[in-house]
Amino acid sequence: IKINERTLALEMQPHARASAPVVVFETGMLAESSDWGTVYEQTAAFASVVRYDRAGRGCSDPAPTPRTIQDMADDLFRLLRALPFSPPWLLVGQSIGGWIVRCLAAAHPQTVCGLVLVDPTHERQFATMSALLPPEAKHESPSLQRFRSFWGEGYKHPDQNREGIDFPASITAMHSVHLPPKLPLTILTSGTNLNEMDAPLTLRRSLYQTWSDLHASLLPPPPLVKHILLTESGHFIQRNDPLAIVKAIRDILEIHLSPL
């Protein structure tokens, strides 16, 4: 599909159940659209599905950098408008993809019927979680060094991530993103992601609790919201526990399709 003179590669699979919303998958920064494989195939059994490669990823053309989350959300919106599917869309975003789908849902609320956020990025995560780190020690593990380096300062520099994302500008923008009221929302939080880092147990527990609390802070008032902790899954829940995502998608579709 051509978007602003750039080609974005995608895969879509229509479903005979035309009344069901289209399910759209948005990946994170360290994964590819192919990672949705099992989730995509299982969801295609009961709904139309779309997955795509963001600019500069997979088979898609690159875009000028640095880029913001708004740039990416605009690309996704234009892509979906160019497809032979009418809204509403059910958006599924993993990691930084959670930012993208939140941004789109806030800007175009009439087109979105629900969100599934899969271990999503949070606009306060870098400041909050880097503040929990102890002073740097001489013999820190490589995994803790990498965490400290990117979460402390590295994220501020677009040339330190493969998509040239301007995180500071995106964080500022995300603080002003407000989801439409009564939008069905499910957040899936990984349980082992931060526990896999070679760091003191007390630090890992503190980081994980903060990660879970940040996710909980995204939830609007009930009843159409869920926060599910997947204690045995890492950050890439689409790989570790794909059926949990499929269930979250199905549950929101049932809300949309159930009679008033």
Problem set entry | Sidechain-backbone polar pair: Thr128 side chain, Arg124 backbone, donor-acceptor under 3.5 Å | yes
For this session: Would you check if the side chain of Asp61 reaches a backbone N or O of Thr7 as a donor-acceptor pair within less than 3.5 Å?
Result: yes
Give every donor-acceptor pair under 3.5 Å between a side-chain atom in residues 240-253 and any protein atom, sequence neighbours left out.
from: Asn240; atom 1: OD1; to: Gly234; atom 2: N; distance (Å): 2.8
from: Lys247; atom 1: NZ; to: Asp251; atom 2: OD2; distance (Å): 2.8
from: Asp251; atom 1: OD2; to: Lys226; atom 2: NZ; distance (Å): 3.1

Show every donor-acceptor pair shorter than 3.5 Å between a side-chain atom in residues 94-104 and any protein atom, with sequence neighbours excluded, or say none if there are none.
from: Gln94; atom 1: OE1; to: Gly28; atom 2: N; distance (Å): 3.3
from: Gln94; atom 1: NE2; to: His235; atom 2: O; distance (Å): 3.2
from: Gln94; atom 1: NE2; to: His235; atom 2: NE2; distance (Å): 3.4
from: Ser95; atom 1: OG; to: His235; atom 2: NE2; distance (Å): 3.0
from: Trp99; atom 1: NE1; to: Glu123; atom 2: OE1; distance (Å): 3.2
from: Arg102; atom 1: NH1; to: Glu123; atom 2: OE1; distance (Å): 3.0
from: Arg102; atom 1: NH2; to: Glu123; atom 2: OE2; distance (Å): 3.0

Exercise. Tell me, which pairs form a side-chain hydrogen bond (donor to acceptor under 3.5 Å, both in side chains) where one or both residues lie in residues 107-118, sequence neighbours left out?
Worked result: none
For residues 83-93, which side-chain N or O atoms pair as donor and acceptor with protein atoms under 3.5 Å away, sequence neighbours left out?
none

For this session: Show your working on salt bridge (charged side-chain N to carboxylate O under 4.0 Å, His left out) between Glu26 and Arg54 and close with a plain yes or no.
Result: CA-CA 8 Å; Glu26 180 65 72; Arg54 279 199 303 275; 2.6 Å; yes
For this session: Using the test side chain to side chain contact (heavy atoms under 4.5 Å, CB included), find all partners of Glu32 that sit at least two apart in sequence or belong to another chain.
Result: Ser34, Arg57, Arg162
For this session: Would you check if His122 and Ser217 make a side-chain contact, meaning some heavy-atom pair closer than 4.5 Å?
Result: yes
Exercise. Step by step, would you call Asp75 with Arg67 a salt bridge (charged side-chain N to carboxylate O under 4.0 Å, His left out)?
Worked result: CA-CA 11 Å; Asp75 269 6; Arg67 304 199 81 206; 2.9 Å; yes
Problem set entry | Lys NZ or Arg CZ of Arg205 over Tyr208 ring: under 6.0 Å, within 45° | no
Problem set entry | ring-ring contact (aromatic ring centres under 6.0 Å, His included) involving Phe25 - partner list, sequence neighbours excluded | Trp36
